[in-house]
Amino acid sequence: MAKVAPSILSSDFLNLGRDIRNLAVNGADYVHIDVMDGLFVPNISVGLPVVKAIRPATELVMDVHLMVERPIRYVERFCQAGADILTIHVESDSQENTLAALKRIKELGVRPAISLRPVTPAQAVLPFLPLCSLILVMTVEPGFGGQSFMQDMMPKLKTISQYIAQHNPECELEVDGGINVETARICRENGANVLVSGSTYFKSEDPAAYCRALRGE
Ligand code: DX5
Ligand code: ZN
């Protein structure tokens, strides 16, 4: 069964506590938190204080997506702030530093994950896959909610699902960007088992039914 990870980027920040508590009520599996530094992506969102504030407010898995340059500088602090899954981008530092950051995340008892921008090919995951608990395939250009789903990412998603089956079958495969009931189905058919949804989840009139529909129930 696929999991649903609502992205709080599209929540009502003035009522963040209420929106976080509703995630569990609506049957979400993960809380997806987008951290942007204005350098790796042309937007600035939330950081460590917000991750720390959310931690005691939910028992859901905190899925923290770092869109920051040289994330190795921050991984310890995000682990200490309460992340359960910590995702870094393969494009944000050298291979050596990315490997070192993933190892550090694992040592701290947090699930290490990597993400790929749309332009980055499937093979880019191979050096990191044995260390990862999750691979995040971006289905929009990272930086903003509410963009259109890039269906041309599906061959890459399928290839990565095959790599996972061969090399690390426990690893989860997540998609992020432009997810709705229809695009979630396409992603599930191509191997995704964690579905991030920001704007469509928070605009939904019946988020519990929407979560079930994303899973294909
Ligand atoms: C974009 C973020 C996403 C974003 C998705 O860079 O990583 O998590 O919130 O938003 P939607 O679901 O609106 O495309
Ligand atoms: Zn994200």
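Numbering of residues begins at 1 and proceeds along the displayed sequence. Counting starts at 1 for both ligands and their atoms, following the listed order. For the numbers below, each heavy atom of this structure counts, side chains included, while hydrogens, waters and symmetry mates do not.
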Trainee: Do Ser7 and Asp34 pair up side chain to side chain, a donor and an acceptor below 3.5 Å, judged on atom types alone?
Mentor: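 Yes - a donor-acceptor pair under 3.5 Å links their side chains.
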Trainee: Among the heavy atoms of Thr200, does any lie under 4.0 Å from an atom of ligand 1?
Mentor: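 It does not; every heavy atom stays at 4.0 Å or beyond.
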Trainee: List every atom of ligand 1 that sits less than 4.0 Å from any heavy atom of Asp34, numbering the atoms from 1 in the order shown and giving each element.
Mentor: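 Selected atoms, number and element: 2 (C), 3 (C), 4 (C), 7 (O), 8 (O), 9 (O).
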Trainee: Protein N, O or S atoms less than 2.8 Å from the Zn ion (ligand 2), ignoring waters?
Mentor: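 For the Zn ion (ligand 2), the protein N, O and S atoms that sit under 2.8 Å away are His32 NE2, Asp34 OD1, His65 ND1, Asp176 OD2.
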Trainee: Within a distance under 4.0 Å of any heavy atom of Pro142, pick out the atoms of ligand 1 and give their elements.
Mentor: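 Under 4.0 Å from Pro142, ligand 1 has these atoms: 6 (O).
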Trainee: Test your reading of the structure: does Ser199 have an N or O sitting under 3.5 Å from an N or O of ligand 1?
Mentor: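 Yes, since at least one N or O of Ser199 sits under 3.5 Å from an N or O of ligand 1.
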Trainee: I'd like to check which ligand 1 atoms, numbered from 1 as shown, lie under 4.0 Å from a non-hydrogen atom of Gly145.
Mentor: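 Here the atoms of ligand 1 in question are 10 (O), 13 (O).
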Trainee: Please list the nearest protein heavy atom to atom 6 (O) of ligand 1 with its residue and the distance rounded to 0.1 Å.
Mentor: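 Heavy-atom neighbour on the protein nearest atom 6 (O) of ligand 1: Gly143 N, 2.7 Å.
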Trainee: Quick one: does Val194's side chain get under 4.5 Å of Val175's, heavy atoms only?
Mentor: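 Not touching, per the 4.5 Å side-chain cut-off.
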Trainee: Do the side chains of Cys187 and Phe149 get nearer than 4.5 Å, heavy atoms only?
Mentor: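 Contact flag for Phe149/Cys187 side chains = yes.
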Trainee: Answer with yes or no whether the side chains of Ser197 and Tyr210 bring together a donor and an acceptor at under 3.5 Å.
Mentor: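 The answer is yes; a qualifying pair exists.
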Trainee: Which of the numbered atoms in ligand 1 are below 4.0 angstrom from a heavy atom of Val196?
Mentor: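 Heavy-atom distances to Val196 below 4.0 Å select 8 (O).
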Trainee: Flag Ser7 as yes when one of its N or O atoms lies below 3.5 Å from any N or O atom of ligand 1, and as no otherwise.
Mentor: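 Yes; at least one N/O pair falls below 3.5 Å.
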Trainee: Atoms of ligand 1 less than 4.0 Å from Ser197 heavy atoms?
Mentor: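 Near Ser197, meaning under 4.0 Å from one of its heavy atoms, ligand 1 has 12 (O).
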Trainee: Counting each atom of ligand 1 from 1 as listed, which ones have a heavy atom of His32 under 4.0 Å away?
Mentor: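 Counting from 1, the qualifying ligand atoms are 8 (O).
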Trainee: State whether the shortest distance between N or O atoms of Ile179 and N or O atoms of ligand 1 falls below 3.5 angstrom.
Mentor: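 Between Ile179 and ligand 1 (N or O atoms, distance only) the closest approach is not under 3.5 Å.
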Trainee: So how far is it from Ile88 CD1 to Ser115 OG, rounded to the nearest 0.5 Å?
Mentor: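 If we round to the nearest 0.5 Å, Ile88:CD1 and Ser115:OG are 10.0 Å apart.
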Trainee: Identify the closest protein heavy atom to atom 5 (C) of ligand 1: which residue and atom is it, and at what distance?
Mentor: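 For this ligand atom, the closest protein heavy atom is Asp176 OD1, 3.4 Å.
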Trainee: Using only heavy-atom distances, determine whether the side chains of His65 and Thr87 contain a donor-acceptor pair under 3.5 Å.
Mentor: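 Absent: no donor and acceptor within the cut-off.
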Trainee: Please state which protein non-hydrogen atom is closest to atom 12 (O) of ligand 1 and give its distance, to 0.1 Å?
Mentor: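 For this ligand atom, the closest protein heavy atom is Gly198 N, 2.8 Å.
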Trainee: Quick one, Leu116 and His89 - any side-chain contact, counting heavy atoms below 4.5 Å?
Mentor: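 They are not in side-chain contact.
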Trainee: Are any of the N/O atoms in Gly146 less than 3.5 Å from those in ligand 1?
Mentor: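 For ligand 1, there is an N or O atom that lies under 3.5 Å from one belonging to Gly146.
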Trainee: Could you tell me whether a side-chain N or O of Asn97 sits under 3.5 Å from a main-chain N or O of Asp93, the two making a donor and an acceptor?
Mentor: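 No, because the side chain of Asn97 does not come within donor-acceptor range (under 3.5 Å) of the backbone of Asp93.
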Trainee: Do any nitrogen or oxygen atoms of Gly178 come within less than 3.5 Å of a nitrogen or oxygen of ligand 1?
Mentor: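 N/O-N/O distance under 3.5 Å: yes.
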Trainee: Could you check whether the rings of His167 and Tyr163 sit parallel, tilted or perpendicular, using 30° and 60° as the cut-offs?
Mentor: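 His167 vs Tyr163 ring planes: tilted.
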Trainee: As an exercise, state the distance from CG of Asp84 to OG of Ser133, rounded to the nearest 0.5 Å.
Mentor: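 Nearest 0.5 Å value for the CG-OG distance: 11.0 Å.
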Trainee: Does Asp29 use its side chain to pair, donor to acceptor, with the backbone of Val4 at less than 3.5 Å?
Mentor: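 A pair under 3.5 Å: yes.
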Trainee: Cys171 and Cys132: which non-hydrogen atoms are nearest, and at how many Å?
Mentor: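 Heavy-atom minimum between the residues: SG-O, 3.7 Å.
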Trainee: Give the contacting part of Phe144 toward ligand 1: side chain, backbone, both or neither, where contact means a heavy-atom distance below 4.0 Å.
Mentor: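 Just the backbone.
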Trainee: What I want to know is whether Met138 and ligand 1 share at least one N or O pair that is separated by under 3.5 angstrom.
Mentor: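 N/O-N/O distance below 3.5 Å does not exist for this pair.
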Trainee: Using a strict cut-off of 4.0 Å, indicate which atoms of ligand 1 neighbour a heavy atom of His65.
Mentor: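 Under 4.0 Å from His65, ligand 1 has these atoms: 7 (O).
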Trainee: Output the list of atoms in ligand 1 that are nearer than 4.0 Å to some heavy atom of Gly177, sorted by atom number.
Mentor: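 Matching atoms, with element in brackets: 14 (O).
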Trainee: If we only consider heavy atoms of Glu141, is any one of them less than 4.0 Å away from an atom in ligand 1?
Mentor: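 The answer is no, since Glu141 has no heavy atom less than 4.0 Å from ligand 1.
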Trainee: Could you tell me if any non-hydrogen atom of Val140 lies under 4.0 Å from any atom of ligand 1?
Mentor: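 Contact check Val140 vs ligand 1: negative.
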Trainee: Could you check whether any side-chain heavy atom of Ile20 comes within less than 4.5 Å of a side-chain heavy atom of Val31, counting everything from C-beta outward?
Mentor: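 Yes, close enough: below the 4.5 Å cut-off.
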Trainee: Under the side-chain contact (heavy atoms from CB on, under 4.5 Å) test, which residues partner Arg185, sequence neighbours left out?
Mentor: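 With sequence neighbours excluded, Arg185 shows a side-chain contact (heavy atoms from CB on, under 4.5 Å) to Glu182, Arg188, Glu189, given in chain and number order.
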Trainee: Check each of Asn193, Ile85, Asp63, Leu195 against Glu174 using the side chain to side chain contact (heavy atoms under 4.5 Å, CB included) test, and report the only one that passes.
Mentor: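 The side chain to side chain contact (heavy atoms under 4.5 Å, CB included) with Glu174 is passed solely by Asp63 among Asn193, Ile85, Asp63, Leu195.
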Trainee: Within the 4.5 Å heavy-atom criterion, are Ile186 and Gln151 side-chain neighbours or not?
Mentor: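 Of all side-chain heavy-atom pairs linking Gln151 with Ile186, at least one is under 4.5 Å.
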